[in-house]
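Treat the numbers as computed from the prediction; the structure is a model and nothing was measured. Below, each value reflects all heavy atoms present in this structure, side chains not excepted, and no hydrogens, waters or symmetry copies. In each ligand, atom 1 is the first atom listed, and ligand 1 is the first ligand listed.
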Amino acid sequence: MIDDALKMVQAKINKAMQLANREDRDATLVAVSKNHGREKAEEALKAGHRVFGENRVQEAAQKWPDLKKQYEGVELHLIGSLQTNKAKDAVALFDVIETIDRPKLARNLAKEMQAQDKNPKLFIQVNTGEEEQKAGVLPSALADLLFLCTDELGLKIEGLMCIPPVDEVSALHFSLLAKLAKKHGLSKLSMGMSRDFEAAIKLGANYVRVGTAIFGDRPPFKG
Ligand SMILES: *Cc1c(COP(=O)(O)O)cnc(C)c1O
(Lines give C-alpha, C1' and ligand atoms only; values in the text may rest on other atoms or scores of the structure.)
Protein backbone atom coordinates (compact mmCIF):
# COMPACT_ATOMS: atom_id res chain seq x y z
CA MET A 1 0.00 0.00 0.00
CA ILE A 2 2.74 2.43 0.90
CA ASP A 3 4.45 1.30 -2.27
CA ASP A 4 1.40 2.30 -4.34
CA ALA A 5 0.99 5.59 -2.52
CA LEU A 6 4.64 6.46 -3.13
CA LYS A 7 4.24 5.70 -6.82
CA MET A 8 1.11 7.79 -7.02
CA VAL A 9 2.64 10.81 -5.29
CA GLN A 10 5.78 10.52 -7.40
CA ALA A 11 3.66 10.39 -10.56
CA LYS A 12 1.86 13.57 -9.48
CA ILE A 13 5.21 15.23 -8.85
CA ASN A 14 6.44 14.25 -12.30
CA LYS A 15 3.26 15.53 -13.88
CA ALA A 16 3.47 18.82 -11.99
CA MET A 17 7.10 19.20 -13.06
CA GLN A 18 6.09 18.65 -16.68
CA LEU A 19 3.24 21.12 -16.50
CA ALA A 20 5.48 23.69 -14.85
CA ASN A 21 7.96 23.24 -17.64
CA ARG A 22 10.78 23.55 -15.17
CA GLU A 23 14.19 23.02 -16.61
CA ASP A 24 15.96 22.22 -13.35
CA ARG A 25 14.20 18.81 -13.05
CA ASP A 26 14.98 18.95 -9.41
CA ALA A 27 12.10 18.08 -7.11
CA THR A 28 12.67 15.49 -4.44
CA LEU A 29 9.97 13.73 -2.47
CA VAL A 30 10.64 13.81 1.27
CA ALA A 31 8.45 11.10 2.82
CA VAL A 32 7.36 12.38 6.23
CA SER A 33 7.22 9.41 8.59
CA LYS A 34 6.68 11.33 11.86
CA ASN A 35 4.36 9.67 14.40
CA HIS A 36 4.42 6.46 12.39
CA GLY A 37 6.19 3.39 13.68
CA ARG A 38 9.43 2.10 12.34
CA GLU A 39 7.62 -0.59 10.33
CA LYS A 40 5.93 2.02 8.14
CA ALA A 41 9.21 3.71 7.39
CA GLU A 42 10.66 0.31 6.61
CA GLU A 43 7.86 -0.43 4.17
CA ALA A 44 8.80 2.69 2.25
CA LEU A 45 12.47 1.72 2.39
CA LYS A 46 11.63 -1.70 1.00
CA ALA A 47 9.77 0.02 -1.81
CA GLY A 48 13.06 1.73 -2.63
CA HIS A 49 12.42 5.16 -1.17
CA ARG A 50 15.37 6.79 0.59
CA VAL A 51 14.52 10.39 1.50
CA PHE A 52 12.58 10.88 4.74
CA GLY A 53 11.47 13.66 7.05
CA GLU A 54 10.96 13.63 10.81
CA ASN A 55 9.95 16.52 13.02
CA ARG A 56 11.26 15.42 16.42
CA VAL A 57 14.87 14.62 17.21
CA GLN A 58 14.03 12.13 19.94
CA GLU A 59 11.54 10.19 17.88
CA ALA A 60 13.95 10.05 14.96
CA ALA A 61 16.75 8.92 17.25
CA GLN A 62 14.67 5.90 18.24
CA LYS A 63 13.53 5.06 14.74
CA TRP A 64 16.37 5.78 12.36
CA PRO A 65 19.90 4.78 13.44
CA ASP A 66 19.23 1.07 12.83
CA LEU A 67 17.33 1.68 9.62
CA LYS A 68 20.18 3.84 8.36
CA LYS A 69 22.60 1.01 8.98
CA GLN A 70 20.34 -1.50 7.32
CA TYR A 71 19.44 0.48 4.19
CA GLU A 72 22.09 2.25 2.21
CA GLY A 73 21.71 5.81 1.01
CA VAL A 74 19.10 7.12 3.43
CA GLU A 75 18.81 10.91 3.55
CA LEU A 76 17.05 12.07 6.69
CA HIS A 77 15.59 15.59 6.94
CA LEU A 78 14.77 17.38 10.17
CA ILE A 79 11.62 19.37 9.41
CA GLY A 80 10.40 20.24 12.93
CA SER A 81 11.61 23.03 15.13
CA LEU A 82 14.85 22.31 16.90
CA GLN A 83 15.62 23.11 20.53
CA THR A 84 19.08 24.51 20.97
CA ASN A 85 20.04 21.80 23.44
CA LYS A 86 19.23 19.10 20.85
CA ALA A 87 21.58 20.53 18.23
CA LYS A 88 24.16 17.89 19.08
CA ASP A 89 21.80 14.96 18.51
CA ALA A 90 20.39 16.59 15.40
CA VAL A 91 23.82 16.99 13.82
CA ALA A 92 24.65 13.38 14.68
CA LEU A 93 21.52 11.97 13.06
CA PHE A 94 20.23 14.20 10.27
CA ASP A 95 21.60 14.70 6.77
CA VAL A 96 19.54 17.82 6.18
CA ILE A 97 18.41 20.31 8.83
CA GLU A 98 15.63 22.48 7.41
CA THR A 99 14.63 24.52 10.43
CA ILE A 100 17.30 27.04 11.38
CA ASP A 101 15.36 30.08 12.56
CA ARG A 102 17.36 31.95 15.19
CA PRO A 103 20.92 33.05 15.95
CA LYS A 104 21.46 30.88 19.01
CA LEU A 105 20.47 27.75 17.15
CA ALA A 106 22.71 28.66 14.22
CA ARG A 107 25.64 29.14 16.60
CA ASN A 108 25.04 25.81 18.32
CA LEU A 109 24.74 23.96 15.04
CA ALA A 110 27.97 25.52 13.79
CA LYS A 111 29.73 24.45 16.96
CA GLU A 112 28.39 20.90 16.80
CA MET A 113 29.17 20.51 13.12
CA GLN A 114 32.73 21.42 13.81
CA ALA A 115 32.98 19.20 16.89
CA GLN A 116 31.53 16.20 15.06
CA ASP A 117 33.13 17.02 11.73
CA LYS A 118 29.76 16.64 10.01
CA ASN A 119 28.18 18.76 7.32
CA PRO A 120 24.43 18.36 7.12
CA LYS A 121 22.78 20.47 4.45
CA LEU A 122 21.15 23.49 6.03
CA PHE A 123 17.96 25.43 5.34
CA ILE A 124 16.50 28.46 7.05
CA GLN A 125 12.83 28.21 7.96
CA VAL A 126 10.87 31.37 7.20
CA ASN A 127 7.61 32.22 8.98
CA THR A 128 6.02 33.58 5.81
CA GLY A 129 2.62 34.01 7.45
CA GLU A 130 4.17 35.89 10.38
CA GLU A 131 2.19 33.67 12.74
CA GLU A 132 2.97 34.24 16.38
CA GLN A 133 2.97 30.59 17.47
CA LYS A 134 4.89 29.33 14.46
CA ALA A 135 8.60 28.66 14.17
CA GLY A 136 10.67 30.30 11.49
CA VAL A 137 12.43 33.61 11.11
CA LEU A 138 10.28 36.56 10.08
CA PRO A 139 10.86 37.65 6.48
CA SER A 140 12.16 41.00 7.75
CA ALA A 141 14.81 39.27 9.89
CA LEU A 142 15.99 36.81 7.27
CA ALA A 143 18.82 38.95 5.90
CA ASP A 144 20.45 39.30 9.32
CA LEU A 145 20.15 35.60 10.16
CA LEU A 146 21.54 34.65 6.77
CA PHE A 147 24.46 37.01 7.22
CA LEU A 148 25.22 35.52 10.62
CA CYS A 149 25.10 31.98 9.23
CA THR A 150 27.23 32.56 6.18
CA ASP A 151 29.60 35.40 6.96
CA GLU A 152 30.12 34.97 10.67
CA LEU A 153 29.69 31.24 11.23
CA GLY A 154 30.83 30.00 7.83
CA LEU A 155 27.75 27.84 7.31
CA LYS A 156 26.57 27.06 3.82
CA ILE A 157 22.83 27.67 3.55
CA GLU A 158 21.23 25.70 0.72
CA GLY A 159 17.86 27.34 0.75
CA LEU A 160 14.63 28.22 2.50
CA MET A 161 11.75 26.26 3.96
CA CYS A 162 8.22 27.33 4.93
CA ILE A 163 4.96 25.99 6.32
CA PRO A 164 2.08 28.21 5.15
CA PRO A 165 -0.76 29.07 7.54
CA VAL A 166 -3.46 26.40 7.32
CA ASP A 167 -6.23 28.84 6.52
CA GLU A 168 -4.53 30.73 3.72
CA VAL A 169 -3.80 30.03 0.07
CA SER A 170 -0.43 28.25 0.12
CA ALA A 171 0.61 29.58 -3.27
CA LEU A 172 1.00 33.11 -1.91
CA HIS A 173 3.47 31.83 0.68
CA PHE A 174 5.31 29.69 -1.83
CA SER A 175 5.81 32.69 -4.11
CA LEU A 176 7.02 34.79 -1.22
CA LEU A 177 9.53 32.10 -0.24
CA ALA A 178 10.74 31.82 -3.84
CA LYS A 179 11.13 35.58 -4.03
CA LEU A 180 13.12 35.70 -0.79
CA ALA A 181 15.39 32.88 -1.94
CA LYS A 182 16.05 34.61 -5.23
CA LYS A 183 16.77 37.91 -3.54
CA HIS A 184 19.40 36.26 -1.36
CA GLY A 185 20.89 34.05 -4.04
CA LEU A 186 19.73 30.79 -2.49
CA SER A 187 18.88 28.00 -4.88
CA LYS A 188 16.76 25.47 -2.97
CA LEU A 189 13.17 25.63 -1.75
CA SER A 190 11.52 23.19 0.65
CA MET A 191 7.78 23.75 0.43
CA GLY A 192 4.57 21.85 -0.15
CA MET A 193 2.87 19.09 1.84
CA SER A 194 0.14 16.53 1.01
CA ARG A 195 -2.48 19.12 0.29
CA ASP A 196 -0.44 21.53 -1.79
CA PHE A 197 2.72 19.94 -3.14
CA GLU A 198 1.65 20.34 -6.76
CA ALA A 199 1.18 24.08 -6.27
CA ALA A 200 4.59 24.20 -4.59
CA ILE A 201 6.23 22.50 -7.54
CA LYS A 202 4.66 24.96 -9.90
CA LEU A 203 6.32 27.72 -7.88
CA GLY A 204 9.74 26.10 -7.81
CA ALA A 205 9.86 23.62 -4.89
CA ASN A 206 12.96 21.41 -4.82
CA TYR A 207 11.80 19.40 -1.83
CA VAL A 208 8.18 18.56 -1.12
CA ARG A 209 7.43 17.11 2.31
CA VAL A 210 4.58 14.63 2.05
CA GLY A 211 3.27 12.53 4.94
CA THR A 212 -0.44 11.74 4.89
CA ALA A 213 -0.67 11.07 1.15
CA ILE A 214 1.95 8.35 1.55
CA PHE A 215 1.46 6.85 5.00
CA GLY A 216 -2.22 7.64 5.64
CA ASP A 217 -3.57 9.42 8.69
CA ARG A 218 -1.07 9.91 11.47
CA PRO A 219 -1.61 8.32 14.86
CA PRO A 220 -1.35 10.98 17.60
CA PHE A 221 2.16 11.62 18.84
CA LYS A 222 3.13 9.53 21.83
CA GLY A 223 5.90 11.31 23.65
C1 LIG B 1 3.93 16.83 9.18
C2 LIG B 1 4.67 17.72 8.28
C3 LIG B 1 4.58 17.57 6.89
C4 LIG B 1 3.71 16.54 6.20
O5 LIG B 1 2.36 16.88 6.28
P6 LIG B 1 1.24 16.08 5.49
O7 LIG B 1 0.10 17.02 5.45
O8 LIG B 1 0.96 14.86 6.27
O9 LIG B 1 1.76 15.77 4.15
C10 LIG B 1 5.34 18.43 6.11
N11 LIG B 1 6.13 19.37 6.66
C12 LIG B 1 6.22 19.54 7.99
C13 LIG B 1 7.12 20.59 8.52
C14 LIG B 1 5.50 18.72 8.84
O15 LIG B 1 5.61 18.91 10.17
Step through it carefully: locate the ring centre of H77, locate the ring centre of F52, and say whether they are under 6.0 Å apart.
no
Nearest 0.5 Å please: distance from the OG1 atom of T150 over to the CD1 atom of I157.
7.5 Å
With sequence neighbours excluded, tell me which residues meet salt bridge (charged side-chain N to carboxylate O under 4.0 Å, His left out) with K188.
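Partners of K188 under the salt bridge (charged side-chain N to carboxylate O under 4.0 Å, His left out) test: D26.
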When you measure from the side chain of N206 to the backbone N and O of L189, does any donor-acceptor pair fall under 3.5 Å?
yes
Does NZ or CZ of R56 lie under 6.0 Å from the centre of the six-membered ring of F221, at an angle within 45° of the ring axis?
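Ring-cation test returns yes.
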State whether K34 and E59 are salt-bridged, where the test is any N-O pair (Lys NZ or Arg NE/NH1/NH2 against Asp/Glu carboxylate O) under 4.0 Å.
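Salt bridge flag = no for E59 with K34.
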Show me a pair-per-line table, with atom names and distances to 0.1 Å, of protein N or O atoms that are under 3.5 Å from an N or O of ligand 1.
unit_1: ligand 1; atom_1: 8 (O); unit_2: T212; atom_2: N; d: 2.8
unit_1: ligand 1; atom_1: 8 (O); unit_2: T212; atom_2: OG1; d: 2.5
unit_1: ligand 1; atom_1: 8 (O); unit_2: R218; atom_2: NH1; d: 2.8
unit_1: ligand 1; atom_1: 8 (O); unit_2: R218; atom_2: NH2; d: 3.2
unit_1: ligand 1; atom_1: 9 (O); unit_2: S194; atom_2: N; d: 3.0
unit_1: ligand 1; atom_1: 9 (O); unit_2: S194; atom_2: OG; d: 2.5
unit_1: ligand 1; atom_1: 9 (O); unit_2: G211; atom_2: N; d: 2.8
unit_1: ligand 1; atom_1: 11 (N); unit_2: R209; atom_2: NE; d: 2.9
unit_1: ligand 1; atom_1: 15 (O); unit_2: K34; atom_2: NZ; d: 2.7

